[in-house]
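A short worksheet on the structure shown next.
Just so you know, these numbers use all the heavy atoms, side chains as well, and skip hydrogens, waters and symmetry mates.
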Amino acid sequence: MSEYYFSKKLKEVAQMNAEGKDVISLGIGSPDMPPSEKTIETLCHNAQDPNGHGYQPYVGIPELRKSFANWYQQWYGVELNPNTEIQPLIGSKEGILHVTLAFVNPGEQVLVPNPGYPTYTSLSKILGAEVINYDLKEEEGWMPDFDALEQMDLSRVKLMWTNYPNMPTGANATPELYERLVDFARRHQLVIVNDNPYSFILNDHPISILSVPGAKECCIEFNSMSKSHNMPGWRIGMLASNPEFIQWILKVKSNIDSGMFRAMQLAAATALEAEADWYESNNKNYRNRRNLAGEIMKALGCTYDEKQVGMFLWGKIPASCKDVEELTEKVLHEARVFITPGFIFGSNGARYIRISLCCKDSKLAEALKRIQILNN
């Protein structure tokens, strides 16, 4: 177990900034735009309520659960019972902990994508689970190789982590993928946990694994307001599944934390009422940034798939580079631009870099200029 990569690297970047080096960070995916005005107004108004500062229900307030249910119905076409099939979370990262504690005993196994979000691996190890990686490869569209999965000994596997739209690769979900995952889970009596925070970023057709008939019986889906609604610091997410799974998770969660501040929950409920034009305005900014990130990729000699969705751009480094860290360290220390090396997501990311779009256009343009000067 080691300190989270970004925790260490951002300390280094902070030290460089303290020395006056003005590093442009294109590393972490922390949206820099605000939530809707109505969201902030709701927060401020309800924070004035003298009766709203006490402990809140472990299951979240009814207004928030109902708003999550309406949101899933409107955008994903998925019907959820707000009373029994939704559990609000203090960010979906917290949900990884609760779900693993609820479903996996020490020594049992979890399937984790390579490349994939590092927390799936690190938290599983902290809790004593055995991590079994399954490959995602560019030549297969960053989709699971079901033939390879079928050859594995799955007798001790309890959970399979999936993440679509995918981070870090930007590969989008398809109905066919979700159907195959549900079928796989049913036949092998394991639980699919689909992490779905990126489906509203540069993506015209958000879909949920829970839209597959019967998926609730064997699947849990995470969603987060961090990415979709520009609320990363608020730490508000949710998971949805069948009532029995929700109760098992609540058994764990209620022993670890308490409910979120009521004003924040009411504001989150307001944020979930956003109309299509709010998401489109958000995506207009991301499109401009995506174009600049593409120019940075080209300046570094990297190639990338134009069909990617989400708030990052994932690119393959040129054959002339010995390894990815050689490239990212040179860019950091000579051009003063921080870009994420793909190896932190697993061995299949060893020849890739990831650029975050959570950076103002002017900063991205300046980063491009510095890299072009470096290469000349």
Output all residues satisfying side-chain hydrogen bond (donor to acceptor under 3.5 Å, both in side chains) with Y76, sequence neighbours left out; order by chain, then residue number. S199, N223
Do I132 and Y134 sit in one hydrophobic cluster, given that two such residues count as connected whenever their side-chain heavy atoms are within less than 4.5 Å of each other, even indirectly? yes
Measure the acute angle between the ring planes of W75 and Y279, then classify it against the limits of 30° and 60° as parallel, tilted or perpendicular. perpendicular
Side chains of E85 and Y72 only: does a donor on one sit below 3.5 Å from an acceptor on the other? no
Would the distance check show the side chain of R65 and the main-chain N or O of V59 forming a donor-acceptor pair, the cut-off being under 3.5 Å? yes
Working for side chain to side chain contact (heavy atoms under 4.5 Å, CB included), residues N285 and M33: CA-CA 9 Å; N285 288 319; M33 296 176 282; 3.1 Å; yes
Do N230 side-chain atoms and P34 backbone N/O form a donor-acceptor pair below 3.5 Å? yes
Other residues, nucleotides, ligands: >12 heavy atoms within 6.0 Å of K360 NZ: yes
SB check K363 D32 (cutoff 4.0 Å): no
Strictly under 6.0 Å, is that where the ring centroids of F103 and F245 end up? yes
Any side-chain donor-acceptor pair under 3.5 Å between S36 and T39? yes
Rounded to the nearest 0.5 angstrom, the OH-CD distance for Y352 and E138 is 3.5 Å
May I ask you to decide whether E12 forms a salt bridge with K9, counting only side-chain N to carboxylate O separations under 4.0 Å? yes
Please check if the side chain of S224 supplies one atom and the backbone of G237 the other of a donor-acceptor pair under 3.5 Å. no
Rounded to the nearest 0.5 Å, what separation is found between the CG atom of L123 and the CD1 atom of I126? 5.0 Å
Counting heavy atoms not belonging to H205, are there more than 12 under 6.0 Å from its NE2? no
Side chain Q87, main chain Y58, donor-acceptor under 3.5 Å: yes
After noting the C-alpha distance and the side-chain angles of H98 and E94, does the key distance pass the side-chain hydrogen bond (donor to acceptor under 3.5 Å, both in side chains) rule? CA-CA 7 Å; H98 296 329; E94 177 214 35; 2.9 Å; yes
Please indicate whether E326 has more than 12 foreign heavy atoms, meaning atoms of other residues, nucleotides or ligands, lying under 6.0 Å from its CD. yes
So, using side-chain hydrogen bond (donor to acceptor under 3.5 Å, both in side chains) as the criterion, who are the partners of Q372 when residues are at least two apart? none
All heavy atoms of R351 vs all of P318, minimum pair found to be NH2-O, 3.0 Å
Mind telling me whether Y120 and Y117 have parallel, tilted or perpendicular rings, with 30° and 60° as the class edges? perpendicular
Between N283 (side chain only) and F200 (backbone N and O only), is there a donor and an acceptor less than 3.5 Å apart? yes
With respect to P144, which candidate in D135, L111, L177, T162 satisfies the side-chain contact (heavy atoms from CB on, under 4.5 Å) definition? L177
Apply side chain to side chain contact (heavy atoms under 4.5 Å, CB included) to residues I353 and I317 and explain how you reach the verdict. CA-CA 7 Å; I353 59 172; I317 64 174; 3.9 Å; yes
State whether E366 and R336 are salt-bridged, where the test is any N-O pair (Lys NZ or Arg NE/NH1/NH2 against Asp/Glu carboxylate O) under 4.0 Å. no
Considering residues, nucleotides and ligands other than H45, do more than 12 of their heavy atoms fall under 6.0 Å from its NE2? no
Kindly compute the distance separating CG (L272) from CZ (F68), expressed to the nearest 0.5 Å. 5.0 Å
Donor-acceptor check, side chain of H53 to backbone of F261, threshold 3.5 angstrom: yes or no? no
Qualifying residues under side-chain hydrogen bond (donor to acceptor under 3.5 Å, both in side chains), relative to D153, sequence neighbours excluded: S155
Does any N or O in the side chain of R290 come within less than 3.5 Å of the main-chain N or O of L357, such that one atom is a donor and the other an acceptor? no
Begin with the C-alpha distance, continue with both residues' side-chain angles, and end with the deciding distance and a verdict on side chain to side chain contact (heavy atoms under 4.5 Å, CB included) for C358 and Y286. CA-CA 8 Å; C358 300; Y286 281 125; 4.3 Å; yes
Any ion pair linking R187 and E150 (charged N to carboxylate O, less than 4.0 Å)? yes
Of P168, P113, P197, the one forming a side-chain contact (heavy atoms from CB on, under 4.5 Å) with N163 is P197
Do the side chain of K253 and the main chain of L89 share a donor and acceptor less than 3.5 angstrom apart? no
Quiz question: by atom type and distance under 3.5 Å, do the side chains of R235 and S226 form a donor-acceptor pair? yes
Look up atom CE in M264 and atom CG in N46, then write down how far apart they are to the nearest 0.5 Å. 12.5 Å
Side-chain donor/acceptor of S241 to backbone N/O of I246, under 3.5 Å: no
W142 ring center near F345 ring center (under 6.0 Å): no
Do S347 and N114 have a side chain donor and acceptor closer than 3.5 Å? yes
Gap between atom CD1 of I249 and atom CG of L239 - 0.5 Å precision: 4.5 Å
If I take atom CD from residue Q308 and atom CG from residue D305, how far apart are they, to the nearest 0.5 angstrom? 5.5 Å
Report the C-alpha separation of W161 and I96 in whole Å, then their side-chain angles, then the decisive distance to 0.1 Å, and conclude whether the side chain to side chain contact (heavy atoms under 4.5 Å, CB included) test is met. CA-CA 10 Å; W161 292 97; I96 300 171; 3.8 Å; yes
Are R287 and E280 within salt-bridge range, i.e. N to O under 4.0 Å? yes
Under a 4.0 Å threshold between the charged nitrogen and the carboxylate oxygen, would R156 count as salt-bridged to E130? yes
Does the N133 side chain pair with the main chain of V112, one donor and one acceptor, at a distance under 3.5 Å? yes
